[in-house]
Amino acid sequence: MSEQDRTAVGFQAGLEADAHWLNDLKRRRNPGPRSVHHRAVDPSLGAATVAVHGGTYEDPVTGAVGTPVFQTSTFLLDELSYSAFERGATRDVPIYTRYGNPSQWSVQEKMAALEGAESAVVTSSGMSAIASTIYALTNSGSHIITAYDVYGGTYNLMREDMPSAGREVTFVDSTDLAAIEAAIRPETQLLFFESLTNPLLKAPRLRAIAEIAKRHNALLVVDNTFLSPVNLRPLDLGADIVVHSATKYLNGHSDVTAGVVAGSRKFVDRIWAQALRFGGTMEPLACYLLERGLKTLALRMQAHNANAGALAAFLDGHEKVLAVHHPSLEHYPHQHLEADVRGYGGMVAFEVADGDTGALKFCAALEIPYVATSLGGVESLVSLPFNTSHCSLTTAQRASIGIRPGLVRYSAGVERAEDLIADIARALESI
């Protein structure tokens, strides 16, 4: 065998060894982290109950019903702290807020219970959660599969940063199982998809994708921002990790920037360590606001689900609307989604007449929603992909992923549905 052949065989063996690294994470781990004062709930209880009570810090001194804000950067060292350093268990003891803080633990426990996970970690933004996850669960020489139309920040991370970090990325249509299977390589370590895509609300077959990932000893990470754990729990469908931009539905009030990762403790520990090195810590007051927002998540999602469905029904067939993208409609192309979800979230995408000019007139005529980016808040928001999220793409590139002129992305809030419909009807007359 030539030196070149020996090198090739050795490289391949190394890749195969890397692909099996997850099987080496065998140390037993407890759920959490949590303290004896953090309220544990049965995750099989209803989402509304878990959202209110999960993870609450029951203060032994004051008896406060709500979780206090532990607004401190550091904690007193004691024998437990020193033991944690020696055992490599610093995630489980309050030492320094970048490592962990009871305010963080409260919201992490609530999210773990909502997603049916062993553990969760909060970060300073959704992109911090995504970047920490991808870096922690892959290594140099590995291969990642994701979708052409993932969130723009995720796409840029995959396209710009991963190659320079030694990770090769293949982009596919997330609804094409054959394309996903064909993209698998021996060095594939991670598949990253969204439960619903932005802005056209395409729904990948997550159960089938999870089976593909497991057959090839790869991990499946699902961004569940658009649905929330009230509507879908990707871990129940076979995903290994679920991530969120908690800025959106989880917080729900457009006043916090945060991210969440949930899954098995062995994977979340690795992601926590990566986030620790990146410095994407969520500070205590933001944790308090996120936990408070989460308490009404189930109630808010009922309103988001109902309002978006009502808007989609009104828009479908309207003479000024050329197409409507929403899972509640009969012509929605991904009907398998209905079997897995309890609702579709508050997003509606639709194409108005007269292209982008018509869409601009429509937005200017609206009176209730704010013309702004983001989604998932109690207030309705509206934006146009052509001049915001997908403005860096050419018209042809946007068309290739289904974004045609005149596309509007509407995030239905919790206002009265009749008011939103009347406002949209008036605005459509401006086209």
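For the 3.5 Å distance criterion, the side chains of Asp59 and Thr62 qualify, holding a donor opposite an acceptor. With 3.5 Å as the limit, one finds no donor-acceptor pair spanning the side chains of His326 and Asp316. Using modelled atom types, one finds no donor on one side chain facing an acceptor on the other under 3.5 Å when comparing Asn198 with Asp149.
In this structure, the side chains of Tyr370 and Glu379 come closer than 4.5 Å at one or more pairs of heavy atoms. Contact of the Ile271 side chain with the Asp269 side chain is not registered, since no non-hydrogen atoms from C-beta on lie closer than 4.5 Å. Side chains of Val324 and Glu351 form no contact here, defined as non-hydrogen atoms less than 4.5 Å apart. Using a 4.5 Å heavy-atom cutoff, the side chains of Val243 and Val221 are in contact. Between Ile241 and Val222, every side-chain heavy-atom pair lies at or beyond the 4.5 Å cut-off. Side-chain contact check for Thr197 versus Val150: every heavy-atom pair is 4.5 Å or farther apart. Contact of the Leu250 side chain with the Met111 side chain is registered, since non-hydrogen atoms from C-beta on lie closer than 4.5 Å. Counting heavy atoms from C-beta on, the side chains of Met127 and Tyr151 come closer than 4.5 Å.
Judged by distance alone, the side chain of Ser119 and the main-chain N or O of Gly32 form a donor-acceptor pair under 3.5 Å. The main-chain N or O of His334 is never found under 3.5 Å from a side-chain atom of Arg205 such that the two would form a donor-acceptor pair. A donor-acceptor pair under 3.5 Å is absent between the side-chain atoms of Gln104 and the main chain of Pro284, judged by distance alone. One N or O on the side chain of Thr123 and one on the backbone of Ala129 form a donor-acceptor pair closer than 3.5 Å. In this structure, Glu415 contributes its side chain and Ser380 its backbone to a donor-acceptor pair below 3.5 Å. Using a distance-only test at 3.5 Å, with no hydrogens or angles considered, a donor-acceptor pair links the side chain of Arg342 to the main chain of Val230. Using a distance-only test at 3.5 Å, with no hydrogens or angles considered, no donor-acceptor pair links the side chain of Trp105 to the main chain of Gly55. Remark: the backbone N or O of Ile134 is paired with a side-chain donor or acceptor of Thr138 at under 3.5 angstrom. Judged by distance alone, with hydrogens and angles left aside, the side-chain atoms of Asn101 form no donor-acceptor pair with the main-chain N or O of Thr97 at under 3.5 Å. The main-chain N or O of Val52 is found under 3.5 Å from a side-chain atom of Lys110 such that the two form a donor-acceptor pair.
Annotation: ring-ring contact (aromatic ring centres under 6.0 Å, His included) contacts involving residues 222-259, sequence neighbours excluded, comprise Tyr249-His304. Applying the salt bridge (Lys or Arg N to Asp or Glu O under 4.0 Å) test to pairs two or more places apart or on separate chains, none has a residue in residues 61-82. Sorted by first and then second residue, the salt bridge (Lys or Arg N to Asp or Glu O under 4.0 Å) pairs involving residues 168-180 (not counting sequence neighbours) are Glu168-Arg185.
Shown here are the side chain to side chain donor-acceptor pair (under 3.5 Å) partners of His38, two or more places apart in sequence or in another chain: Ser35, Ser106. Residues satisfying the side chain to side chain contact (heavy atoms under 4.5 Å, CB included) test with Leu289, not counting sequence neighbours, are Val256, Arg292. In this structure Glu109 satisfies the side chain to side chain donor-acceptor pair (under 3.5 Å) test together with Arg34, sequence neighbours excluded.
Pairing each heavy atom of Asn307 with each of Ala417, the nearest pair is OD1-CB, 3.3 Å. Minimum interatomic distance between Pro234 and Val242 (heavy atoms only, all atoms of both residues): CG-CG2, 3.9 Å. Taking each heavy atom of Ala258 and Leu290 in turn, the nearest pair found is CB-CD2, 4.2 Å. Nearest approach of Ser103 to Pro68, heavy atoms of both residues: OG-O, 3.6 Å. Shown here for Pro31 and Arg265, the closest heavy-atom pair between the two residues is O-NH1, 3.6 Å. The heavy-atom pair separating Ile403 from Leu200 by the smallest distance is N-CD1, 4.1 Å.
Between the CG atom in Leu219 and the OG1 atom in Thr188 there is a gap of 11.5 Å [rounded to 0.5 Å]. Residue Thr296 holds its OG1 atom at 11.0 Å from CD of Gln302, rounded to the nearest 0.5 Å. In this structure, the separation between CG on Leu76 and CD1 on Ile95 is 12.0 Å, given to the nearest 0.5 Å. From His53, atom NE2 reaches atom CG of Asp42 across 13.0 Å, with rounding to the nearest 0.5 Å. Distance check: Ser132 OG to Gln274 CD gives 6.0 Å after rounding to the nearest 0.5 Å. Taken from CG in Leu237 to CG in Leu232, the straight-line distance is 5.5 Å, to the nearest 0.5 Å.
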Any chance you could lay out the salt bridge (Lys or Arg N to Asp or Glu O under 4.0 Å) test for Asp236 and Arg207, step after step, and finish with the verdict? CA-CA 9 Å; Asp236 293 345; Arg207 290 181 186 273; over 6 Å; no
Step by step, work out the side-chain contact (heavy atoms from CB on, under 4.5 Å) result for Leu366 and Val382. CA-CA 9 Å; Leu366 289 168; Val382 64; 3.7 Å; yes
For Thr225 and Glu194: C-alpha separation, side-chain torsions, deciding distance, then whether side-chain contact (heavy atoms from CB on, under 4.5 Å) applies. CA-CA 8 Å; Thr225 297; Glu194 297 167 342; over 6 Å; no
Worked check of salt bridge (Lys or Arg N to Asp or Glu O under 4.0 Å) between Glu115 and Arg233: CA-CA 6 Å; Glu115 286 286 5; Arg233 300 207 313 188; 5.5 Å; no
Could you give me the CA-CA distance, side-chain angles and deciding distance for Gln189 and Leu137, then say whether side-chain contact (heavy atoms from CB on, under 4.5 Å) is met? CA-CA 8 Å; Gln189 288 186 335; Leu137 300 183; over 6 Å; no
Phe193 vs Asp223, test: side-chain contact (heavy atoms from CB on, under 4.5 Å). Steps then yes/no. CA-CA 6 Å; Phe193 295 107; Asp223 183 335; over 6 Å; no
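Using a 4.0 Å cut-off between charged nitrogen and carboxylate oxygen, Arg215 and Glu181 count as a salt-bridge pair.
Partner of Met158 under the side-chain contact (heavy atoms from CB on, under 4.5 Å) criterion, out of Ile145, Ile130, Val169: Val169 alone.
When the shell of 6.0 Å around OH of Tyr135 is examined, it contains more than 12 heavy atoms from other residues, nucleotides or ligands. Surrounding CZ of Phe75 are more than 12 heavy atoms belonging to other residues, nucleotides or ligands, all under 6.0 Å away. Atom CD of Glu338 has 12 or fewer heavy atoms from other residues, nucleotides or ligands within 6.0 Å.
Residues Tyr155 and Phe171 bring their aromatic ring centres within 6.0 Å. Ring-centre distance between Tyr57 and Phe70: below the 6.0 Å cut-off.
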